[in-house]
Amino acid sequence: MRADPSGSGRPRRAVGAACGIVAAFAGLAVAELVTAAARPEASPVAAVGAAAVDLTPQAVREWAIALFGTADKTVLTLGIVAVLAAVAAGAGLLAVRRLPAGIAVAGGFGLLGAVAALSRPEASWQDALPSLAGGLTAAGVLALLVTAATRPRPDRAAPGGAWAMDRRGFGRLVVSVLAVSSAAGLAGRRLGVHGSAGATASRASLVLPAPTVPAPPVPAGANLRVPGLSPFITPAKDFYRVDTALVVPRVDADTWRLRIHGEGVSRPLTLSLPELLARPLVEHDITLCCVSNEVGGPYAGNARWLGVRLADLLREAGVRPPSRGGPADQLVARSVDGMTLGTPVETVMDGRAALLAVGMNGEPLPFAHGFPVRMVVPGLYGYVSACKWLTELRLTTFAAYDAYWVRRSWAQQAPVKTQSRIDTPRPYAALRPGPVAVAGVAWAQHRGIRRVEVRVDGGPWQEARLGDADGVDTWRQWVWPWEATAGAHTLEVRATDGTGAVQTGVRTGTVPDGATGWHTVEVHVRALG
């Protein structure tokens, strides 16, 4: 084989790598187009990313959440694209020397995406089509470009030898491939948006009924209004999101159904959203917390939820809790993307406000937070209680079935631990001597917070002033006035829950059932003058 089509001596490696990357771009664009006819989760990047999340060791996953926060999915997606670009460049390099081998690598990556897509929960054979189409396209485009770039030119070949493009002709070919690929990718995006238009319209047109049991007004003294302190009610746009969905499911409320079945269910139910909304609705303020939340971490939020009492639905289906002879002790919730969460039946039916939520802060659930229906159970970490995009509830036992996170080293049952957090001052803040408001939030859902204490530099504990309580299922704000003196200082906080149990100072990690320890903040107070 000869050099690139310019004949100027440009290294073949650069041409080969460029051909591989352009071919990969074409493959992804065509895959995007085919994805519009399947489902968003079937996209090669989404499918490979989801498989990567499943295969990632728990310690690495926790490290990524701690380092990147809620941007972890964006970082993962960028990482997959970077790896794909590197593989594509390698396939191009290989193709200029051994064309069949390079084509095989390009097509093989599409096959890998198809396998990843088929490995997902709820997958069907159609989910393999985007990756297969993308792989075939990448292989075909790579063959076209490399052949055009490396065939002997007429002025260097024997009479009747093969024709090859000059630099200008090759450039036009590359531009044409990029233009067609861009058009395909854009069409796929637009068709995908059109495909989710029904979901968007169903949310926009949904008018939530007034609650049969409205929540009382938030006490005036619940919000202490200290600068830098988390608001008592977390706006939906600021509410934390931790899940495994690289593509947020957009469920059409008009076609949504919920199935309730399993052990001890004498009257199985299948409900549409109108049928669910026709039942009595309850409004309740509940703080949610992720088990991945490190001590002092941001993965907690408080909202006003509207929904149907889950215990009432289970009783309607004939379910009895284990304490009353029911055979099932686990309620397995399944999301439309196949995620499973296991919740103790006894907890759901013990009288607390366990909800199938349809509203958040007076509006239908945002897509990112589970529209049209999600679970909310106060007192349990989200991974065992807060299934989003809910589509199925199955009664079984903990002995018979391990839900998604339990299979990945987390505990089967996970009551929320007492936690407190310093929101202000921020770590390593530079302060002036004098009065400083040390403030934050504390939570122990379904037990409530009785007391919060702060200490400076390991000194005696000082009791903070608490904001008014809004029941036992929400966090409480607190503030402590500190007369700051010059120098470096360490602030610590601990809480006492409604049972009188004091938050432990023993530091543990998040696995298997939530972090413990006192939140500590280092600050520096500048000397005047």
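In this text the structure is predicted, and so the values were computed from the model without any measurement.
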Nearest non-hydrogen partners of A464 and W478, listed with the distance:
CB-CE3, 3.9 Å
Side chain Q503, main chain G517, donor-acceptor under 3.5 Å
yes
Taking the side chain as everything from C-beta on, heavy atoms only, tell me whether M349 gets closer than 4.5 Å to R315.
yes
Ring centroid separation for W389 and W256, is it under 6.0 angstrom?
no
Please tell me whether T504 and R494 have a donor and an acceptor in their side chains that are separated by less than 3.5 angstrom.
no
Under 3.5 Å, is there a donor-acceptor pair linking the side chains of T508 and T516?
yes
Less than 4.5 Å apart, side chain to side chain, heavy atoms only: is that true for V213 and P280?
no
Separation of S119 OG from D127 CG (nearest 0.5 Å):
10.0 Å
Heavy-atom nearest pair, A403 first then G342, reads CB-N, 3.6 Å
If you measure only the distance, is there a donor-acceptor pair under 3.5 Å linking the side chains of T343 and Q330?
no
Whether the side chain of D312 engages the backbone of L314 through a donor-acceptor N/O pair (distance < 3.5 Å, no angle test) should be reported.
no
To the closest 0.5 Å, what do you measure between OG1 (T499) and CZ (R447)?
6.5 Å
Side chain to side chain contact (heavy atoms under 4.5 Å, CB included) between L208 and V358, worked out
CA-CA 8 Å; L208 296 175; V358 296; 4.0 Å; yes
Give a yes-or-no answer on whether the side chains of T490 and E522 include a donor-acceptor pair shorter than 3.5 Å.
yes
For the residue pair E463 and V452, establish whether any side-chain heavy-atom pair is separated by less than 4.5 Å.
no
Evaluate T347 against R352 for side-chain hydrogen bond (donor to acceptor under 3.5 Å, both in side chains), listing each step before the verdict.
CA-CA 8 Å; T347 300; R352 71 186 69 198; 4.9 Å; no
Hey, can you tell me if W461 and W518 have their rings parallel, tilted or perpendicular (30° and 60° cut-offs)?
perpendicular
Under 3.5 Å donor-acceptor, D468 side chain and P219 backbone
no
Indicate whether any N or O donor in one side chain lies under 3.5 Å from an N or O acceptor in the other, for S230 and D423.
yes
Parallel, tilted or perpendicular: which describes the rings of W482 and H489, with under 30° parallel and over 60° perpendicular?
perpendicular
Test your reading of the model: is there a side-chain donor-acceptor pair from E283 to the backbone of P214, 3.5 Å cut-off?
no
To the nearest 0.5 Å, atom CG of D457 lies from atom OG1 of T485 at 7.5 Å
Test side chain to side chain contact (heavy atoms under 4.5 Å, CB included) on M375 and L393; report intermediate values, then the result.
CA-CA 10 Å; M375 276 178 59; L393 293 171; 3.8 Å; yes
Does any non-hydrogen side-chain atom of P481 lie less than 4.5 Å from one of P435?
no
Just checking, R426 and Y428: is the charged tip under 6.0 Å from the six-membered ring centre and within 45° of the axis?
no
Contact between I449 and T496 at the side-chain level, heavy atoms closer than 4.5 Å - yes or no?
no
Any donor-acceptor N/O pair, D329 side chain to F398 backbone, under 3.5 Å
yes
Side chains of T200 and R250: is there a donor and an acceptor less than 3.5 Å apart?
yes
For the residue pair V493 and T520, establish whether any side-chain heavy-atom pair is separated by less than 4.5 Å.
no
Strictly distance-based, threshold 3.5 Å: is any side-chain N or O of S335 a donor or acceptor partner for the main-chain N or O of K388?
yes
With a 4.5 Å heavy-atom cut-off, do S182 and F25 have their side chains touching?
yes
Side-chain (K417) to main-chain (G514) donor-acceptor, under 3.5 angstrom:
yes
Here the gap from L276 atom CG to L258 atom CG, rounded to the nearest 0.5 Å, amounts to 7.0 Å
So does R407 pair up with D402, basic N to acidic O under 4.0 Å?
no
Is there side-chain contact between R451 and E453, with at least one heavy-atom pair below 4.5 Å?
yes
How about H369 and F239: are their ring centroids closer than 6.0 Å?
yes
Just do the side chain to side chain contact (heavy atoms under 4.5 Å, CB included) check on R279 and L271 with the steps written out, would you?
CA-CA 11 Å; R279 285 161 168 75; L271 301 173; 3.8 Å; yes
Side-chain donor or acceptor of Q445 paired with backbone N/O of W475 under 3.5 Å:
no
Think R241 forms a cation-pi with Y299, using NZ or CZ under 6.0 Å from the six-ring centre and within 45 degrees of its axis?
no
Please answer whether the main-chain N or O of W305 pairs with a side-chain N or O of H284 as donor and acceptor at a distance below 3.5 Å.
no
If you take all heavy atoms of A411 and V406, which pair is closest and at what distance?
O-CG2, 3.7 Å
Closest non-hydrogen contact found for G113 with A47 is O-CB, 4.2 Å
Pairwise distance SG(C387) to CG(L331) - rounded to 0.5 angstrom
9.5 Å
More than 12 heavy atoms of other residues, nucleotides or ligands under 6.0 Å from CZ of R507: yes or no?
yes
Side chain to side chain contact (heavy atoms under 4.5 Å, CB included) partner of Y381, the single match among L288, V416, N293, T510:
V416
Would you give the length of the straight line joining atom OH of Y383 to atom SG of C290, rounded to the nearest 0.5 angstrom?
10.0 Å
Any donor-acceptor N/O pair, R309 side chain to V282 backbone, under 3.5 Å:
no
Under-4.0 Å salt bridge between R450 and D497:
no
How far apart are the C-alpha atoms of R394 and T340, what are their side-chain angles, what is the distance that settles it, and do they pass the side chain to side chain contact (heavy atoms under 4.5 Å, CB included) test?
CA-CA 10 Å; R394 179 168 65 89; T340 56; over 6 Å; no
Between A253 and L273, which heavy-atom pair has the shortest distance, and what is it?
CB-CD2, 3.6 Å
Can a donor-acceptor pair be found between the side chains of E346 and S323 at a distance below 3.5 Å?
yes
Using every non-hydrogen atom in the two residues, find where P366 and A236 come nearest and quote the distance to one decimal.
CG-CB, 4.0 Å
